[in-house]
Amino acid sequence: TSFVLSTHNTVAGQIALMLNCKGSNYNYVQQSLSFEYALLDAMLLLKEKDAENVLIGGLDEISPSMFELFYRAGYIKSPEHLQPIYEANTPGYVLGEGAVFFTISQAKTETSTGSILGLKCSQSVSNADVLLNEIESFLTEHSLFKTDIDLVLSGNCGDPEADEKINAVNEALNLPVGYFKVLCGEYFTASAFAVWLAAKIIQKQSIPEVIMPKQNAPVEINNTLIINHYRDKQYSLVLVSNA
């Protein structure tokens, strides 16, 4: 029992017990693509009609030992070097943590806040042009043009070297950009927070000023493209649209 309660299954298992949910219960631990793979699995369950409603989420907690390991490895910024993510010029990312859960289904309801149009994951991206081509083909797959995107939520982490490609892509896209990790910091499932933020922005038609310090917010937001990465190694794209 002590071992089982120490694994990544603990949270999902406890939620299932509380809800008396005897259906499928999966946990994904693939670093920064964990939430994306869970989302992909949920989308497949809905498409194949193996489920009507799926609870999906992503969560990470900073433990003292984890902080020490990441700090020694040089992954995270020292406290004296903390800067706004969009102005960072020191190595390391701004560490964060969080937990976000959604209920998703194929049926629109009165409480629906957004629609996930598509998802794409990449284990590595060699240069900015490759990432830009992946974004363009991703939009084409969903019958969208670049001009159909009202807002880009960019997963800049605050490390200038790791953010080099995503910065180049944001500049090439020439679209309104919001930096969502200003609000949550960097952690493996930060993309779950980005999906929640995108849905809320679309629902309320309002963008927090702090994530767009250098641009004016678009008047209307119907389609949001999330571009995320973790230490320039794992990339993901998520399209969130008006429900």
Side-chain angles (χ1 to χ4, degrees), residues 26-48 51 54 56-58 60 100-102 104-106 113-157 162-181 184 186-199 201-202 221-243:
Y26 299 109
N27 295 269
Y28 290 86
V29 189
Q30 276 89 17
Q31 290 191 337
S32 68
L33 295 180
S34 301
F35 171 73
E36 283 83 347
Y37 287 141
L39 176 58
L40 179 60
D41 193 357
M43 293 168 70
L44 288 171
L45 285 170
L46 294 174
K47 187 174 183 179
E48 295 170 358
V54 181
I56 175 176
D60 280 285
V100 180
F101 279 81
F102 313 87
I104 65 172
S105 69
Q106 286 194 317
T113 57
S115 175
I116 296 174
L117 297 184
L119 165 68
K120 187 171 187 177
C121 301
S122 297
Q123 288 290 346
S124 63
V125 172
S126 56
N127 57 60
D129 288 336
V130 170
L131 179 57
L132 191 60
N133 288 335
E134 286 197 6
I135 291 171
E136 290 174 349
S137 64
F138 179 60
L139 294 177
T140 300
E141 288 174 14
H142 299 283
S143 303
L144 292 173
F145 296 100
K146 185 182 76 171
T147 52
D148 293 318
I149 303 301
D150 303 301
L151 175 67
V152 172
L153 285 180
S154 181
N156 291 56
C157 66
D163 286 337
E164 185 176 353
K165 292 170 189 171
I166 201 169
N167 281 331
V169 166
N170 289 339
E171 186 175 348
L173 288 173
N174 194 29
L175 293 167
V177 177
Y179 302 93
F180 67 87
K181 288 174 185 173
C184 68
E186 176 70 289
Y187 57 98
F188 290 130
T189 55
S191 52
F193 176 85
V195 171
W196 171 83
L197 181 61
I201 286 173
I202 290 172
I221 309 111
N222 291 309
N223 296 308
T224 299
L225 173 65
I226 299 168
I227 309 173
N228 191 38
H229 78 90
Y230 180 75
R231 298 186 62 238
D232 191 29
K233 292 183 178 180
Q234 294 176 311
Y235 282 79
S236 66
L237 307 172
V238 183
L239 266 172
V240 183
S241 180
N242 197 321

Taking all non-hydrogen atoms of both residues, which atom of [X] and which atom of [Y] are closest, and how far apart?
X	Y	result
Lys181	Ala190	CE-CB, 4.0 Å
Ile202	Asn222	CD1-O, 3.8 Å
Tyr235	Leu33	O-CD2, 3.7 Å
Asn228	Gly155	OD1-CA, 3.6 Å
Glu186	Cys157	OE2-CB, 3.4 Å
Val177	Ser154	CG1-CB, 3.7 Å

- Hey, is CD on Glu141 packed in by over 12 heavy atoms from elsewhere, all under 6.0 Å?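 It does: Glu141 CD has more than 12 such atoms within range.
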- Look at atom CZ of Phe101 and say whether more than 12 heavy atoms of other residues, nucleotides or ligands are closer to it than 6.0 Å. yes
Looking at [X] and [Y], would you say the former's side chain and the latter's main chain have a donor-acceptor pair under 3.5 Å?
X	Y	answer
Asn223	Asp150	no
Asp163	Ile166	no
Lys165	Leu131	no
Gln234	Ser32	yes
Asn133	Asp129	yes

- Determine whether the side chains of Asp41 and Tyr28 contain a donor N or O and an acceptor N or O closer than 3.5 Å.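 Tyr28 and Asp41 do have a side-chain donor-acceptor pair below 3.5 Å.
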- Are Asn174 and Lys146 close enough that a side-chain donor and a side-chain acceptor fall under 3.5 Å?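 On atom types as modelled, these side chains do not qualify, holding no pair under 3.5 Å.
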State, yes or no, whether a side-chain contact exists between [X] and [Y] at a heavy-atom distance under 4.5 Å.
X	Y	answer
Leu139	Asp148	no
Leu39	Phe102	no
Asn156	Asn170	yes
Leu175	Leu225	no
Leu144	Leu239	yes

- Quick one: sort the Phe138 and His142 rings into parallel, tilted or perpendicular, breaks at 30° and 60°.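 Because their plane-to-plane angle is over 60°, the rings of Phe138 and His142 count as perpendicular.
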Distance in Å, [X] [atom1] paired with [Y] [atom2], rounded so as to fall on 0.5 Å steps:
X	Y	atom1	atom2	value
Trp196	Thr113	CH2	OG1	10.0 Å
Tyr26	Leu45	OH	CG	6.5 Å
Met43	Leu46	CE	CG	8.5 Å
Ser236	Glu36	OG	CD	3.5 Å
Phe188	Ser34	CZ	OG	8.0 Å
Ile135	Ile227	CD1	CD1	3.5 Å

- Task: Could you pull out all residues at least two apart from Ala198 that satisfy side-chain contact (heavy atoms from CB on, under 4.5 Å)?
- Result: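 So Ala198 forms a side-chain contact (heavy atoms from CB on, under 4.5 Å) with Leu153, Thr224, Ile226, Val240.
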- Report the residues that fulfil ring pair (Phe, Tyr, Trp, His ring centres under 6.0 Å) with Tyr187, sequence neighbours left out, ordered by chain and then residue number.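 Checked Tyr187 against ring pair (Phe, Tyr, Trp, His ring centres under 6.0 Å); zero matches.
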- Quick one: do Val100 and Val195 satisfy side chain to side chain contact (heavy atoms under 4.5 Å, CB included)? Show the steps, please. CA-CA 9 Å; Val100 180; Val195 171; over 6 Å; no
